[in-house]
Amino acid sequence: MIVWLNGTHGVGKTTTSALVQQLIADSRVFDAEKVGETLMDVRPGLPRTDNFQHWPPWRPLVVETARRILDYTGGTLVMPMTVLVEPYWREISDGLADYAIPVRHFVLHADRSTLRRRIEGDTVLGPSEFRFAHLDPYAEAFRTWLHDEAEVIDTTDLTPAQAALRIAERVDSAAP
């Protein structure tokens with residue numbers, strides 16, 4: 001199974017995913033951003049883009065890498081990855097479905113002022129224009145499709161540990 005943590009940049013997916021992994025037996029974290037980083041290392045470079053998700057190889061490579069990891073390890077993959085373009089999500093989720101890999105799709109949500117405050121107060125990455133630039137695309141995705149496509153965990157008033165516990169409880173309650 002895959003537990004996919006979606007949401008805008010800066011909402012707490014990476015922090016929460018590590019905590020979810022500790023709560024779900026036989027699970028590990030796979031950050032699909034590493035697939036994008038690998039593509040960014042291709043030399044000479046791939047066509048210029050502001051987001052590696054726009055490169056057509058990224059989406060099937062995420063599917064294939066997740067499948068191969070699960071084939072090798074079994075268990076559950078916890079995947080923190082922002083995907084705000086609905087056709088990209090469909091390509092990934094359909095690809096995983098083709099391999100009969102169940103996906104629990106969660107979106108970590110917070111109101112805009114909370115998101116801005118978290119991004120501004122990030123002591124690891126610092127304030128990030130990239131993160132700020134994705135607030136509007138996230139709001140649009142949440143309004144138009146993402147809210148209906150995923151289980152929403154409103155983190156506005158939650159710590160990452162509380163959000164992780166809610167996710168783990170939902171995953172465990174659906175287990176056979």
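None of these values were measured; they are calculated from a predicted model.
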field: Residue pairs, two or more places apart or on separate chains, that pass side-chain hydrogen bond (donor to acceptor under 3.5 Å, both in side chains) and touch residues 7-23
entry: Lys13-Thr82
Just list the side-chain donor-acceptor pairs under 3.5 Å for residues 125-137, sequence neighbours left out, or say none.
from	atom 1	to	atom 2	distance (Å)
Ser128	OG	Phe130	N	3.3
Ser128	OG	Arg131	N	3.1
Arg131	NH1	Asp122	OD2	2.6
His134	ND1	Phe130	O	2.8
Asp136	OD1	Arg112	NH1	3.0
Asp136	OD1	Arg112	NH2	2.9

message: Using the ring pair (Phe, Tyr, Trp, His ring centres under 6.0 Å) criterion, which residues pair with Phe106? Sequence neighbours excluded.
response: none
task: To the nearest 0.5 Å, tell me how far Thr144 OG1 sits from Glu86 CD.
output: 6.5 Å
- request: For Phe52, check ring pair (Phe, Tyr, Trp, His ring centres under 6.0 Å) against everything at least two apart and list the hits.
  value: Trp58
- line: Connected to Leu165, directly or through other members, by ILVMFWY side-chain contacts below 4.5 Å are Leu23
- request: For Trp55 and Pro47, indicate whether the former's side chain and the latter's backbone hold a donor-acceptor pair under 3.5 Å.
  value: yes
message: Within this structure, what is the CE-NZ distance for the pair Met81 and Lys34, rounded to the nearest 0.5 Å?
response: 11.0 Å
query: Side chains of Arg104 and Trp4: does their closest heavy-atom pair fall under 4.5 Å?
result: no
query: Under the 3.5 angstrom rule, does the side chain of Ser93 hit a backbone N or O of Trp89 as a donor-acceptor pair?
result: yes
message: Within the 4.5 Å heavy-atom criterion, are Arg118 and Thr155 side-chain neighbours or not?
response: yes
statement: Applying side-chain hydrogen bond (donor to acceptor under 3.5 Å, both in side chains) to Asp41 and not counting sequence neighbours gives none
- prompt: Thinking salt bridges, do Glu169 and Arg166 make one under a 4.0 Å N-O criterion?
  reply: no
message: Using side-chain hydrogen bond (donor to acceptor under 3.5 Å, both in side chains), reason through Thr156 and Asp154 one step at a time and then give a plain yes or no.
response: CA-CA 6 Å; Thr156 301; Asp154 189 333; 2.7 Å; yes
query: Backbone N or O of Gln53 within a donor-acceptor pair of the Arg59 side chain at under 3.5 Å?
result: yes
task: To the nearest 0.5 Å, tell me how far Ile167 CD1 sits from Leu5 CG.
output: 4.5 Å
- prompt: Between Val107 and Glu151, is a side-chain contact (heavy atoms from CB on, under 4.5 Å) present by the stated rule, with each step listed?
  reply: CA-CA 6 Å; Val107 61; Glu151 298 176 60; over 6 Å; no
